[in-house]
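Worksheet: the structure to be examined is printed underneath.
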Amino acid sequence: MADMDAFRDEIARWAAGGAGDTAAELAAGLGLRTAVLLEGPSDLAAVEALAAREDRDLTAEGVAVVSMGGAMSVGRYAGLLGPPGLGLRLTGLCDAREEPFYVRGWQRAGAARDFHVCVADLEDEMIRALGPERVEEVIRAEDELRPWQTFLAQPAQHGRPREQQLRRFLSTKKGRKIRYGSLLVEALDGGRPPAPLADLLAGL
């Protein structure tokens with residue numbers, strides 16, 4: 001796992017304007033063939049949790065799952081990891097509103113379109129897959145019932161659909177969205193993941 005973490009660190013440095021020699025060496029050493037481009041760390045947590053649930057070792061399969069720190073970076077990452085750069089097959093997952101960035105990124109990299117789109121975002125997909133009651137059970141199990149109730153008491157939340165309230169709650173504290181990225185996958189308890197996430201893993 002340390003080698004994959006090192007690879008991700010080197011890709012981030014390369015994307016920020018550094019040299020790509022070390023990233024290329026690590027990619028070769030890991031035997032990488034596919035790069036999964038994700039908007040952020042909560043998506044990464046969900047993908048890794050689902051892979052673990054399916055007893056898959058993505059690194060051993062030659063798959064690098066990469067968090068880019070935002071969809072606007074996809075053109076840069078696609079160029080570095082795809083045909084113009086390391087020559088890896090590109091796939092990924094994005095929010096519907098960020099789809100144009102992914103389309104342009106794939107086009108500029110000369111890669112065949114191969115990514116999956118969430119209706120709003122992955123948290124929205126997970127909440128709908130689990131249902132609000134199951135998500136609230138996860139919140140309770142994480143000893144966050146009081147913060148959740150405090151959040152619901154805010155005037156801005158009155159009258160909003162429970163799904164929207166839950167989605168907003170996950171983003172109200174630093175690190176919470178990342179933590180729940182894996183917790184919500186684990187809460188599926190054998191149920192089918194949202195289609196974009198399931199299709200992404202199935203295509204790797």
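Heavy atoms only: backbone and side chains are in, while hydrogens, waters and symmetry mates are out. Residues take their numbers from the sequence shown, with the count starting at 1.
- Comment: R134 engages E137 in a salt bridge, judged by a side-chain N to carboxylate O separation of less than 4.0 angstrom.
- In this structure, the ring pair (Phe, Tyr, Trp, His ring centres under 6.0 Å) partners of F115, at least two apart in sequence or on a different chain, are Y102, W106.
- Evaluation of the side chain to side chain contact (heavy atoms under 4.5 Å, CB included) rule for T172 yields F151, R168, F169, R176 as partners, not counting sequence neighbours.
- Cluster annotation: M126 and L200 are assigned to the same hydrophobic cluster (Ile/Leu/Val/Met/Phe/Trp/Tyr, side-chain heavy-atom contacts under 4.5 Å, transitive).
- Residue pairs that meet the salt bridge (charged side-chain N to carboxylate O under 4.0 Å, His left out) test with at least one member in residues 79-89, sequence neighbours left out, are R89-D114.
- Among V65, D199, V63, T34, the single residue meeting the side-chain contact (heavy atoms from CB on, under 4.5 Å) criterion with T91 is T34.
- Annotation: side-chain hydrogen bond (donor to acceptor under 3.5 Å, both in side chains) contacts of R167 (sequence neighbours excluded): D121.
- The two residues I178 and P41 come nearest to each other via the heavy atoms CD1-CG, 3.6 Å.
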- Message: salt bridge (Lys or Arg N to Asp or Glu O under 4.0 Å), that's the test. Do R8 and E48 meet it? Break it down for me.
- Response: CA-CA 14 Å; R8 288 170 177 156; E48 290 190 329; 2.8 Å; yes
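- Applying the side chain to side chain donor-acceptor pair (under 3.5 Å) test to every pair with at least one member in residues 11-21, sequence neighbours left out, gives these pairs: E10-R13.
- Both V103 and M72 are members of a single hydrophobic cluster when ILVMFWY side chains are connected at heavy-atom separations under 4.5 Å.
- Here K177 does not pair with E39 in a salt bridge; the nearest charged N to carboxylate O distance is not below 4.0 Å.
- Listed by chain and residue number, nothing satisfies the side-chain hydrogen bond (donor to acceptor under 3.5 Å, both in side chains) test with Q107 (two or more places apart in sequence, or in another chain).
- Side-chain N/O atoms of Q149 and R146 include no donor and acceptor closer than 3.5 Å.
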